[in-house]
Amino acid sequence: MTVRTRFAPSPTGYLHIGGARTALFAWAYARRHGGQFILRIEDTDVARSTPEAVQAILDGMQWLGLAHDEGPYYQMQRMGRYKEVIGQMLAAGTAYHCYTSKEELDALRAEQEAKKEKPRYDGRWRPEPGKTLPPPPAGVEPVVRFRNPLDGVVGWDDQVKGRIEIANSELDDFIIARADGTPTYNFCVVVDDWDMGITHVIRGDDHVNNTPRQINVLKALGATVPLYAHLSMILGDDGQKLSKRRNSVAVTDYDDNGYLQEAVLNYLARLGWSHGDDEIFSMEQFVQWFDLDHITASAAQFNTEKLAWLNAHYIKQADDVRLAGQAASRLARRGVDPEAGAPLERVVALYKDRVANLNELADAVEPFCVEIHPSAEMTATHLTEAARAALADLRGRLAAADWQKAAISQAIKETCTARGMKMPQVAIPLRVVLLGQPQSPAIDAVVEVLGRETVLQRLDKHV
RNA sequence: GUCCCUAUCGUCUAGAGGCCUAGGACAAUACCCUUUCACGGUAUGAACCGGGGUUCGAAUCCCCGUGGGGACGCCA
């Protein structure tokens with residue numbers, strides 16, 4: 001049996017970080033076992049689903065590199081099939097028409113809540129041997145309800161949480177088709193998972209409570225029940241439920257915020273799953289190692305600092321050309337011409353082991369591309385008379401120097417000696433003049449990469 | 001209210017009865033490196049939710065509390 005997993009988001013918003021992890025795990029499981037990963041768009045909520053959201057999900061999946069082998073399937077395009085199955089169930093007696101109005105249902109619910117009972121449908125239209133149903137009220141379009149078993153328990157061996165059993169008496173006859181004939185979620189999922197031959201349902205644990213209902217329908221249909229693995233939820237940095245207001249929830253936000261895909265993927269993989277003490281690993285390794293046995297059953301809190309650490313790690317590893325491209329596009333977005341200054345690949349090489357994200361990298365690179373304007377405060381602090389004199393001295397030496405690190409370093413050292421100054425007393429004012437900041441990578445390397453023309457020109461502005 | 005899930009350092013986690021005086025990682029602290037700031041290196045502090053069992057022995061198994069989460073829709 002080949003493994004078939006699926007990711008089934010509803011297109012009502014962006015691909016959020018929790019969904020991304022679910023997708024990652026389902027994808028990895030299919031890859032691990034040489035199976036197929038299927039993408040299914042659950043768009044039956046016509047009021048909330050949008051084509052933009054579908055696109056956002058597709059974009060998010062693509063950014064992460066989670067390619068699907070089949071799909072995307074759209075539930076709205078499968079209406080005929082759902083109706084066909086509903087017809088079969090009605091004929092087989094595993095489903096029935098219910099004429100209870102929404103008002104009656106509300107009243108029933110209120111009554112049950114008043115009695116501190118679990119709100120549930122009371123089965124008034126459920127056909128039973130020897131039971132006489134009232135005549136269908138005129139002009140009322142019925143809903144279709146699933147005829148859930150009355151007793152016994154539904155159970156499954158959850159691949160993450162272990163054995164879960166729920167008494168059928170806890171379940172009621174839920175609606176599988178609305179009065180307008182459209183099928184409902186719990187029913188569509190069942191038909192889809194069945195038709196698509198899904199072997200492993202890997203999804204968020206907010207679906208644990210849907211699972212017994214779905215299993216009952218599957219059984220009524222004579223379908224094979226897949227294996228279920230329910231992933232616990234991801235909490236925000238603050239330990240609260242993820243919210244759009246407080247957290248970065250859309251995966252593409254991470255792109256905007258300067259994160260590399262491999263950092264996000266590695267972080268997500270490690271959030272709720274582990275492989276011994278391994279913290280840093282490639283997607284190839286992840287796919288080789290991934291299993292359902294090492295998934296945590298409890299909720300995990302998102303830790304932005306750890307993500308940042310991973311991101312810094314992957315930036316250090318990244319190819320200079322790739323980083324230069326990233327810096328260039330981020331600069332361009334700020335209206336900075338990335339071609340205007342020193343060669344980006346060389347600049348980026350200077351900063352790649354000092355920054356935690358791509359936006360910081362762009363910040364660092366920017367002074368190499370645009371005219372800089374050190375603040376008055378900055379110049380007042382660092383460009384003292386002595387400093388200016390030293391820089392003037394250095395300018396002369398640099399103008400004549402061979403343009404390579406060793407010679408540049410030599411020129412700076414000579415200036416120090418000539419002026420009777422310590423290295424930082426020259427290097428820091430030089431940084432301020434060249435980059436507008438008192439800190440930078442090794443000053444000789446900065447000078448070299450910036451280029452003679454720019455260096456002399458910036459020196460001239462201040463000395 | 002009912003049902004379901006869950007509980008190891010601040011955080012992510014290792015741990016499947018003795019290997020645990022509980023390991024790793026992020027973060028924190030200290031020191032080292034250093035031409036500034038970073039990076040890097042070394043070290044330190046930091047946890048088994050509480051109570052009962054079971055057992056020669058429990059972080060690991062069971063029960064009860066407590067905390068957290070979820071579900072109870074003609075939403076998905």
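When reading the values below, keep in mind they use all heavy atoms of this one structure, side chains included, and skip hydrogens, waters and symmetry mates. Note that the coordinates shown come from a computational prediction; the quantities given were computed from them, not determined experimentally. Just so we're on the same page: letters track the sequence lines, and every chain starts at 1.
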Review point. How many Å lie between NZ on A/K316 and P on B/G41, as a whole number?
Key: 9 Å

**Study point:** Length of the line joining A/L108:CG and B/C72:P, which is rounded to integer Å
**Key:** 16 Å

Check your understanding: Does atom CD of A/E385 have more than 12 heavy-atom neighbours, drawn from other residues, nucleotides or ligands, at distances under 6.0 Å?
Key -> no

**Study point:** With A/H230, the side chain to side chain donor-acceptor pair (under 3.5 Å) member among A/R203, A/H207, A/K161
**Key:** A/R203

Exercise for review: May I ask you to evaluate whether A/H294 reaches the phosphate of B/G15, defined as a side-chain N or O under 4.0 Å from OP1 or OP2?
Suggested key: yes

Practice item. Please state how far atom CZ in A/R145 lies from atom C1' in B/C74, giving the value in whole angstrom units. Key: 8 Å

Exercise for review: Measure from the side chain of A/D444, starting at C-beta and using heavy atoms only, and say which of B/A76, B/A14, B/U35 lies closest.
Suggested key: B/U35

Check your understanding: So does A/S440 get a side-chain nitrogen or oxygen closer than 4.0 Å to the phosphate oxygens (OP1/OP2) of B/U36?
Key -> no

**Study point:** A/A263 to A/Y314 - nearest heavy-atom pair and separation
**Key:** CA-CD1, 3.7 Å

Check your understanding: For atom C1', what is the distance between B/A22 and B/U34, given to the nearest Å?
Key -> 37 Å

Exercise for review: Name all residues meeting the salt bridge (Lys or Arg N to Asp or Glu O under 4.0 Å) criterion together with A/D393; count only those two or more places apart in sequence or in a different chain, and write none if there are none.
Suggested key: A/R397, A/R419

**Study point:** Short side-chain N/O contact to B/A76 OP1/OP2 from A/R178, under 4.0 Å
**Key:** yes

**Study point:** Closest heavy-atom pair and its distance - A/R126, A/L133
**Key:** O-CD1, 3.8 Å

Practice item. Write down the distance between CD1 (A/I234) and P (B/C12), rounded to a whole number of angstrom. Key: 11 Å

Check your understanding: Which part of the nucleic acid, if any, lies within contact of A/K306, taking any heavy atom under 4.0 Å across all strands shown: a base, the sugar-phosphate backbone alone, or nothing?
Key -> base

Practice item. Under 4.0 Å between any heavy atoms, over every strand shown, what does A/L271 touch: base, sugar-phosphate, or nothing? Just pick one. Key: sugar-phosphate

Point to revise | Stepwise ring pair (Phe, Tyr, Trp, His ring centres under 6.0 Å) test for A/W289 and A/F281 | key: CA-CA 10 Å; A/W289 292 338; A/F281 43 82; 5.7 Å; yes

Revision key, fill the gap. Sorted by number, residues from residues 42-49 of chain A placing a heavy atom under 4.0 Å from RNA chain B are A/E42, A/T44, A/D45, A/R48

**Study point:** For atom CG of A/D172 and atom C1' of B/A71, their distance in whole Å
**Key:** 12 Å

Practice item. Using a 4.0 Å heavy-atom cut-off across all strands, classify A/A297 as base, sugar-phosphate, or nothing. Key: sugar-phosphate

Review point. Which of these nucleotides, B/A76, B/C4, B/C74, is closest to any side-chain atom of A/H207?
Key: B/A76

Practice item. Would you tell me if any nitrogen or oxygen in the side chain of A/K118 comes within less than 4.0 Å of OP1 or OP2 on B/C4? Key: no

Check your understanding: Paired with B/U35 by Watson-Crick or G-U wobble geometry, both distances under 3.5 Å: which nucleotide is it?
Key -> none

Check your understanding: Can you find a side chain N or O atom of A/T184 that sits less than 4.0 Å from OP1 or OP2 on B/C74?
Key -> no

Review point. Roughly how many Å is it from CG in A/D293 to P in B/G15, rounded to a whole number?
Key: 10 Å

Exercise for review: Mind calculating the distance between CG (A/D278) and P (B/C26) to the nearest angstrom?
Suggested key: 14 Å

Check your understanding: Would the A/Y96 and A/F146 ring centres measure less than 6.0 Å apart?
Key -> no

Review point. When you check the phosphate oxygens OP1 and OP2 of B/C72, does a side-chain N or O of A/R109 lie under 4.0 Å from one of them?
Key: no

Exercise for review: Could you state the atom-to-atom distance from CD of A/E103 to C1' of B/C74 in whole Å?
Suggested key: 11 Å

Review point. Hey, does A/T100 reach any base, or is it just sugar-phosphate, or nothing, if we go heavy atoms under 4.0 Å?
Key: base

Review point. If we ignore angles and hydrogens, is there a donor and acceptor under 3.5 Å between the side chains of A/W273 and A/D291?
Key: yes

